[in-house]
Amino acid sequence: MQTEIIPLCLRIMKRGQELSRTVATFIVQKILVDENGLTYICQTGERFYAVCTVLNHMVNDLVQNKKDDQRLLRHIIRCYLRLAENTKAKEALRKILPAPLKESEQEIITDETVKKWHAQLL
């Protein structure tokens, strides 16, 4: 984990084009799936909040611009779910989860699988 892949992915997730954002989010998701990756990101508050801030920004961007990108949303929700598997991160997520995802019924989520994952997150 001593590479710059996470900061690079976060920059792309925040400012990249649609496909680049999806790929970068997928990479972060895959890093989180690995126990070492989850530990690395949750090891410091700074890393955890950096990832959450970008994920929050992406969710808010999808909602504000009424973008229907279920593939990107799928990866975002999976990142949040994996982060929630860490005890400290789960507590923090309750406070910093973006408002659109705090509601059980969400218009932007149309994919049935993503709806199930969203329900698990709540």
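- With sequence neighbours left out, the salt bridge (Lys or Arg N to Asp or Glu O under 4.0 Å) criterion links Lys30 to no other residue.
- The line from CD1 of Ile41 to CG of Asp34 is 10.0 Å long, rounded to the nearest 0.5 Å.
- In this structure, CD1 on Ile108 lies 4.5 Å from CG on Leu73, to the nearest 0.5 angstrom.
- Rounding to the nearest 0.5 Å places CE of Met58 at 13.0 Å from OG1 of Thr53.
- Residues Cys52 and Leu93 meet the side-chain proximity criterion, which asks for heavy atoms closer than 4.5 Å.
- Side-chain contact check for Ile96 versus Tyr49: some heavy-atom pair is nearer than 4.5 Å.
- Between the NZ atom in Lys90 and the CG atom in Leu81 there is a gap of 10.0 Å [rounded to 0.5 Å].
- In this structure, the separation between CG on Leu55 and NZ on Lys14 is 12.0 Å, given to the nearest 0.5 Å.
- Using a 4.5 Å heavy-atom cutoff, the side chains of Ile31 and Tyr40 are not in contact.
- No single ILVMFWY cluster, assembled from side-chain heavy atoms under 4.5 Å apart, contains both Val33 and Phe48.
- Put simply, the side chain of Gln70 gets close to the backbone of Thr110: a donor and an acceptor are under 3.5 Å apart.
- Here the CG-CG distance, from Leu83 to Leu32, works out to 5.0 Å after rounding to the nearest 0.5 Å.
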Donor-acceptor contacts, no H, no angles, side chain residues 20-29, under 3.5 Å, sequence neighbours left out:
| from | atom 1 | to | atom 2 | distance (Å) |
| --- | --- | --- | --- | --- |
| Arg21 | NE | Met13 | O | 3.0 |
| Arg21 | NH1 | Asp61 | OD2 | 3.0 |
| Thr22 | OG1 | Glu18 | O | 3.0 |
| Thr25 | OG1 | Arg21 | O | 2.6 |
| Gln29 | OE1 | His75 | ND1 | 2.6 |

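- Other cluster members for Ile12: Leu8, joined by side-chain heavy-atom distances under 4.5 Å among Ile, Leu, Val, Met, Phe, Trp and Tyr.
- Applying the ring pair (Phe, Tyr, Trp, His ring centres under 6.0 Å) test to every pair with at least one member in residues 4-23, sequence neighbours left out, gives no pairs at all.
- Across all their heavy atoms, Leu101 and His118 have their closest contact at O-NE2, 2.9 Å.
- Taking the side chain to side chain donor-acceptor pair (under 3.5 Å) definition, one finds that Asp111 meets it with Arg74, sequence neighbours left out.
- Sorted by first then second residue, the side-chain hydrogen bond (donor to acceptor under 3.5 Å, both in side chains) pairs that include residues 78-88, not counting sequence neighbours, are Glu35-Arg82, Asn56-Tyr80, Arg82-Glu85.
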